[in-house]
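One structure is given below, encoded as C-alpha cells.
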Amino acid sequence: MHHPNQPCALLFCGEQHLDVAQALARLCEQAGLAVHLCTEGLAQSEAVFQRIRQSGQQPVLVVHGGGTLLHRSALASTAADFESTWRSVCFAGAVIGQQAMKAMKAMLPQGKGTLIFLGHASATERLSGAAAFGAASAGLRSLAQSMARESGPKGLHVAHVLMHGDMQGQQRPQAHDVAAACWQLHQQDPSTWTHELDLRPGLCPA
Amino acid sequence: MVGVGELEGIGGAVAARFAQAGLHVYIVGRTQAKLDTVVAHIRRHGGQATAVVNSLGSEADVNAIFTQLQRSGHRLDAVVYNAAYLNMPRRWLGTPPSFIEGNWRLTCLAGILVGQAAARMMLPHGRGTVIYTGATASLRGKPLFAAFASAKAALRAFAGSLALEVAPMGIHVAHVVIDGMVEGQRAKGALGGLGRIVMGVVKRRNGALNPTQIAENYWQIHQQPSGAWSHELELRPFKEPF
C-alpha cells in the first residue's frame, strides 16, 4: 500500500498489556512503521491523534489494551470498582476506537487499517472473582463487534483478541507471542479477516 | 419489578403475573402516572401492588428502593431488572461519549447495583430469584446499536458472575434474552410513527413476542426447583431467524 504520509502504529496500553505493546512496537518498527506507545489512555489519546495528524503521519494500526484485572467477587465489588474498571477497559476502548476510526477513515478502503482490542476471557466465561472485569470485558467485546460490523465493509479491520489467563493461577499467553498474533491480524488480506482471536498458552488444557 | 413503563410492556406484564400469583409487587419506574395505571390494573384483578418512583440515577436511588422494601416487612422473593436506556439507532461515529456512558449507567450499572442489593437481602433467607431482562443485543454487537449492545453485554456478564456466586447460597439468578420485537407501546412509539409501521411489518412476517407470554416464562423461572435451574433463557417468536 502506498501512503503519501508516513504510516504509523499507535499502541494505547496500560500496565496490564505493556509487555505486549513493547513487543508489538518492535515488530512495527522492523516493518518500517513509526510507533507511538501511549500509557495514559483517554487522558492522552486525543492529543496524540492530533499531533500525529499535524506531523503528517497516517495511523494504519491502532491497538487498545486498557484496565487492570481486579480480583473481587460479584457481591464484594463496589459501584466504584465497576465504574473504574468500565472506564479503563471499555469506555476508553470506545472513545479511542472512535478517535482511531476517524483518523483512518480517509485512507480507506485503498489503504489498510487495523484496530485491535486486547480483551480477556472473562468477557465470555464466568470466572469467579472477575465480576467487574468480566462485565467491562464483555462490554468491550460487544463494542468491537459493532465496530467491526459497521466499519468492516468500509475497509477497517476491527479485531478483538481474547486472552485467557491471569485468573485462578492460570498463566497468560507469552507477550511476544501475543504481539506476533496481533501483527498477523494486521497482515490479514481483506478476503480472510478474523474478528476474534482466542489466545492461551499452548501447554494449558483448553 | 424494576423498570416498568407501559402496562402493555414487559415490566407491566411481569408485575401483573407475579401479583396474580399472590405476591405483593413493588413497581419501580420513572413516571408516577404510568405506575399508577399498572397498580390500578393489578388491584382490579385482586392483587397487591405499590408504586415506587425512582430514576435509578445513583447508588443512593437504588438503596432507597431496598430501604423501602426492608421497612415493608415483606420477604423479598423475587426481583426483576427490566430497565434500560433509550434504545435508538446511531452510527458509531455519531455516538457521543455521553450517550455511551448514559447507556451504561442505566442499562448496566443500575442493574448491577439492584442485583447486588437483591441478593444481599435474600441471603439470610437462603432463597430468592433475580431475573435480568436481556435482548438480542446482549449476545452480539450489531451496527447502529453499539452503546446499547455494549451495556447489555456487560450486564449479562455480571448476571452470570452473580449467578455463579450466589447459587450455592440458594439464590437463583437468571438472564432472559428477549430475541425479537415485543408487542407494546415503546416499539410503536419509537422513530416517530415509523415504529408503528415497522411493528406492522414485523408482526406479519415473524410475529412479535407477547408480553403476557414473556411474563409467564419469567414466572416459570421463579418456580424452577433448585435441582434444575436455568441461568439463561432465550425467548423468540416461532418465525424469528436466529
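So that the names make sense, note that chain A is the first sequence line, chain B the second, and so on, each numbered from 1. No experiment lies behind these values; they were computed from the predicted model shown.
- Under 4.0 Å is where a charged nitrogen must lie from a carboxylate oxygen, and between R105(B) and E83(A) at least one such pair does.
- In this structure, CD on Q145(A) lies 10.5 Å from OG on S150(B), to the nearest 0.5 angstrom.
- The 12-atom threshold is exceeded at CD of Q220(B), counting heavy atoms of other residues, nucleotides or ligands nearer than 6.0 Å.
- Other residues, nucleotides and ligands contribute at most 12 non-hydrogen atoms within 6.0 Å of the CD atom of E15(A).
- Atom-to-atom distance recorded for E165(B):CD and S128(A):OG is 8.0 Å, nearest 0.5 angstrom.
- Atom CG in L75(A) sits 6.0 Å away from atom CZ in R120(B) (nearest 0.5 Å).
- For the pair T95(B) and Q98(A), the tightest heavy-atom approach, listed with the atom from each and the gap, is O-NE2, 2.8 Å.
- At most 12 non-hydrogen atoms from other residues, nucleotides or ligands lie less than 6.0 angstrom from CZ of R127(B).
- Closest of all the heavy-atom pairs between W92(B) and A94(A) is CZ2-O, 3.4 Å.
- In terms of heavy-atom pairs under 4.5 angstrom with chain A, the leader among S138(B), G141(B), A159(B), A157(B) is G141(B).
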May I have the step-by-step check of side chain to side chain contact (heavy atoms under 4.5 Å, CB included) for T78(A) and E59(B), ending in yes or no? CA-CA 10 Å; T78(A) 64; E59(B) 202 175 353; 5.9 Å; no
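- Within the 4.5 Å cutoff, no side-chain heavy atoms of L164(B) are placed close to those of L127(A).
- Side-chain atoms of L143(A) and I100(B), non-hydrogen and from C-beta on, never get closer than 4.5 Å to each other.
- The contact between L123(B) and chain A is made entirely by side chain atoms (from C-beta outward), counting heavy-atom distances below 4.5 Å.
- Contact of the E150(A) side chain with the K142(B) side chain is not registered, since no non-hydrogen atoms from C-beta on lie closer than 4.5 Å.
- The two residues L93(B) and K105(A) make their nearest non-hydrogen contact at CD1-CD, 3.9 Å.
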Hey, mind stepping through R87(A) and E101(B) against side chain to side chain contact (heavy atoms under 4.5 Å, CB included) and telling me if it holds? CA-CA 9 Å; R87(A) 268 190 196 288; E101(B) 179 159 353; 2.6 Å; yes
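- With a 4.5 angstrom heavy-atom cutoff, V166(B) touches chain A only via side-chain atoms.
- In this structure, the portions of L162(B) lying under 4.5 Å from any heavy atom of chain A include both its backbone and its side chain.
- Within residues 68-82 of chain B, no residue has any heavy atom less than 4.5 Å from a heavy atom of chain A.
- Contact count versus chain B (heavy atoms, under 4.5 Å) is highest, among G129(A), A138(A), C90(A), S151(A), for A138(A).
- Both the backbone and the side chain of F82(A) come within less than 4.5 Å of a heavy atom of chain B.
- Rounded to the nearest 0.5 Å, atoms CH2 (W86(A)) and CH2 (W104(B)) are 6.0 Å apart.
- Contact check for P143(B) versus M147(A): no side-chain heavy atoms found under the 4.5 Å cut-off.
- Contact check for F145(B) versus S146(A): no side-chain heavy atoms found under the 4.5 Å cut-off.
- Residue A149(B) touches chain A through both its backbone and its side chain, counting heavy-atom pairs closer than 4.5 Å.
- Between R126(A) atom CZ and R156(B) atom CZ the span is 7.0 Å, to the nearest 0.5 Å.
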